[in-house]
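I have placed the structure first, in the form of structure tokens, so that the comments after it can refer back to it.
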Amino acid sequence: MTIKAPKGTRDVLPAETPAWQYVEQKYRSVCARFNFQEIRIPTFEQTELFQRGVGDTTDIVQKEMYTFNDKGGRSMTLRPEGTAGVVRAYLENGLSSEPSPQKLYYILNNFRYEKMGKGRYREFNQMGCELFGSVESTADAEVISLLFLFFRELGLREINLKINSIGCPKCRPEYLELLRDYFRSHLNDLCDNCQDRFERNPMRILDCKDDAENAIVKNAPLQIDHLCPECQEHFDNLCNELDNLGFAYEIDGHIVRGLDYYTRTVFEFVSNNVGTQGTICGGGRYDGLIEELGGQATPAVGFALGVERLLMELNSQSVKLPSVVGPDIYLVSFPDTVNQAAKICFDLRTLNITAESNVTARSFKAQMKYADRIGAKYIVVLGEDELKSKMVKLKRMSDSREIKLRLADLANYIKEN
RNA sequence: GUGGAAUUAGCUCAGUUGGUUAGAGUGCCAGAUUGUGGCUCUGGAGGUCGUGGGUUCGAUUCCCAUAUUCCACCCCA
């Protein structure tokens, strides 16, 4: 093999697809009960959408985007995340004129040109939700409670919600000044990376793991302690609503998030097990993004959940996930009966039974072996005698028990057992 | 982006102090006389020893580069 999958991409093979389908189906089911509707959007967008939507100062836009010029010379980018595209679709299609709030969910792949690591891929999958049109903290609680129900139904344990508030355009500038003033006198005590961040985005210093044990960072003022009255009330309300719903959470003033568009609420679901890639889901409120992208000022809140990481976490917690299941029945045939077997097999499939008949030149014994290997629940041998008498012996593979029945009764028997 | 480790059959891995046709287990395919799988036995297919250079009479083995994967940082899903 000379051609390999590109770096950072991976194949999901048949052994794994049942687990993927199960998780996606469960997600759709929970979203449906919250009355979120699915939206599907293009895989690539005009580059400018992400520059403006995700934010020019973010790592994503500065160095991680898959950007190319199409044949018309337009700059296009493979989406690095879902929200910007969903907002674009929301505006472009006039969903802002549909009943508000609009509640949308998506399951899609994203692309970021990053260095590889466990749980981090260049093409990765996210399941997300966006709720447009409510400033109320009840909307924040709504999307968070959707996640709690989803995790609960999957049987996921030991996953912790961390929440924070990073203020609004009213209180953040004041806080940033306060933060810069604080760090200015301690610049030499910070790591190189953080010295860069000082000018660009001083809030990120709080998130630095190098300096996590650094007393300077530990004691730095946090936005959550310097909220304006409106933001404070919003955050307090959210906490009350989460308490009311019975959800455990931890207030963590160091959660900052990597995207520029967040305001007020930010949150993460973090795993204890997966180590450095412990963030399974991240989200928050983005009250300024829609206006930033040319729409009328519209508050919104949402999240994105990493499917690969979720599956890793489910596996590390030994949560049972579906695996490949064999067909209900395999029809063994002979060269002179193979065509009639194929016809009977087709009829069974029409009746909603998972069936397989021989499509090789295999011997009788080899067919038996194959039926066993693929996990067929039953086999039936279709030879001249059976076809003539229309009576067959149905063999259950698990215990080798055979029962005799009319060929015409085969479908019903299988359905009922 | 930084540091470290790994790369030999589909999979998990041995191995050659540099020397003719490179191994095991498992999986795959087939056989062990008549139409019944799982156990056992036998046989077969499958590898330019990640790729490209270099040293050498000779490299899968030594050296360099490069790619990919993993681990720890960074960041995030």
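Lettering of chains follows the sequences in order, A, B, ..., and the numbering in each one begins at 1.
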Stepwise salt bridge (Lys or Arg N to Asp or Glu O under 4.0 Å) test for A/D287 and A/R285 | CA-CA 6 Å; A/D287 290 342; A/R285 178 163 280 283; 2.8 Å; yes
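- Checking A/P6 against A/F124, the closest nucleotide of RNA chain B that is more toward the 5' end is the one next to A/P6.
- Residues A/E123 and A/T9 have side chains that never bring a donor and an acceptor to within less than 3.5 angstrom of each other.
- Regarding contacts with the backbone of B/G31, a side-chain N or O of A/S363 is found under 4.0 angstrom from either OP1 or OP2.
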Please walk me through it: do A/R52 and A/E48 pass salt bridge (Lys or Arg N to Asp or Glu O under 4.0 Å)?
-> CA-CA 6 Å; A/R52 282 168 50 190; A/E48 191 189 350; 3.1 Å; yes
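- Side-chain atoms of A/R373 stay outside donor-acceptor range of the base of B/C28, with no qualifying N/O pair under 3.5 Å.
- Atoms CE (A/M116) and P (B/C73) sit 17 Å apart, rounded to a whole Å.
- Using the six-membered ring where Trp is involved, A/F132 and A/Y286 have ring planes that are perpendicular, over 60° apart on the 30 and 60° scheme.
- As rounded to whole Å, 16 Å separates atom P of B/G35 from atom CG of A/L387.
- Among residue pairs with one or both ends in residues 313-343 of chain A, those qualifying as ring-ring contact (aromatic ring centres under 6.0 Å, His included) are A/Y330-A/Y370, A/F334-A/F364; sequence neighbours excluded.
- Ring-to-base geometry does not place A/F334 in a stacked arrangement with B/G35 (centre distance under 5.5 Å, plane angle under 30° required).
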Watson-Crick and G-U pairing of RNA chain B written in dot-bracket, each distance under 3.5 angstrom, with | for inter-strand partners | (((((((..((((.....[...)))).(((((.......))))).....(((((..]....))))))))))))....
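- Under 3.5 Å, the side chain of A/K115 and the base of B/U2 form at least one donor-acceptor pair of N or O atoms.
- Set against B/C74, B/G35, B/C76, the side chain of A/E386 has B/G35 as its closest nucleotide.
- In terms of polar N and O atoms assigned as donor or acceptor, the side chain of A/E268 never comes within less than 3.5 Å of the base of B/A77 in a complementary pairing.
- In A/Y249, the OH atom is crowded: over 12 heavy atoms of neighbouring residues, nucleotides or ligands sit closer than 6.0 Å.
- Across B/C62 and B/C74, the matching C1' atoms stand 36 Å from one another, rounded to whole Å.
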